[in-house]
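Please read all numbers here as calculations on a predicted model, not as lab measurements.
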Amino acid sequence: MKTFADKVRDVVRKIPKGKSMTYKQVAAKAGNPKAARAVGAIMRTNYDESIPCHRVVRSDGSFGDYNRGGTQRKREMLKREGAL
DNA sequence: TAGTTGACCGGAA
DNA sequence: ATTCCGGCCAACT
């Protein structure tokens, strides 16, 4: 039985290039549609290199936060990949 | 174990 | 449009 954190990491890892999912969508795919906040908490503590956490955005259409460089860094990443 | 914090969401003022 | 409040869940102290 995988934990919620494991599922979240797996889901985020499966996000195709040029696509972006909301925290809520990721949480829903992980099994908890109401755990959007938890997703952020997990990414913050356990952000892996294999996990394109920059492709995870907020439901409002904003980019949300990031660990390295902040929101602007995230925006540039998405722009570079073609998601924008 | 309990309390606080936070890469969030949705609704109300 | 912006600001405030309650709610959900995981990690940290």
Participant: Might you confirm whether atom NZ of A/Lys7 has over 12 heavy atoms from other residues, nucleotides or ligands at distances under 6.0 Å?
Facilitator: yes
Participant: Please report the interatomic distance OG(A/Ser20) to CE(A/Met77), rounded to the nearest 0.5 Å.
Facilitator: 14.5 Å
Participant: Please list, in numerical order, the residues of residues 46-58 of chain A that have a heavy atom closer than 4.0 Å to any atom of DNA chain B.
Facilitator: A/Tyr47, A/Cys53, A/Arg58
Participant: What residues join A/Ile15 in its hydrophobic cluster, counting side-chain heavy atom gaps under 4.5 Å, either direct or through other members?
Facilitator: A/Phe4, A/Val8, A/Val11, A/Val12, A/Met21, A/Tyr23, A/Val26, A/Val39, A/Ile42, A/Met43, A/Ile51, A/Val56
Participant: Over all heavy atoms of both residues, which pair between A/Ala36 and A/Ala27 is shortest? Give the atoms and the distance, please.
Facilitator: N-CB, 3.8 Å
Participant: Counting primed atoms plus P, OP1 and OP2 as sugar-phosphate and everything else as base, spell out the protein contacts along nucleotides 1-13 of chain C at 4.0 Å heavy-atom distance: B, S or - for each nucleotide, 5' to 3'.
Facilitator: ------BBBSSS-
Participant: Is there any salt bridge (Lys or Arg N to Asp or Glu O under 4.0 Å) pair reaching into residues 72-84 of chain A, and which pairs are they, with sequence neighbours excluded?
Facilitator: A/Arg55-A/Glu81
Participant: Show each protein N/O and nucleotides 10-13 of chain B N/O combination with a separation under 3.5 Å, one pair to a line.
Facilitator:
residue: B/dG10; atom: OP1; partner: A/Lys24; partner atom: NZ; Å: 3.4

Participant: Between A/Asp6 and A/Arg9, is there a side-chain N and carboxylate O pair less than 4.0 Å apart?
Facilitator: yes
Participant: Using distance only, find each side-chain donor-acceptor pair of residues 58-70 of chain A under 3.5 Å and give its atom names and separation, not counting sequence neighbours.
Facilitator:
residue: A/Arg58; atom: NH2; partner: A/Asp60; partner atom: OD2; Å: 3.3

Participant: Within this structure, what is the OH-to-P distance between A/Tyr66 and B/dC8, rounded to whole angstrom?
Facilitator: 14 Å
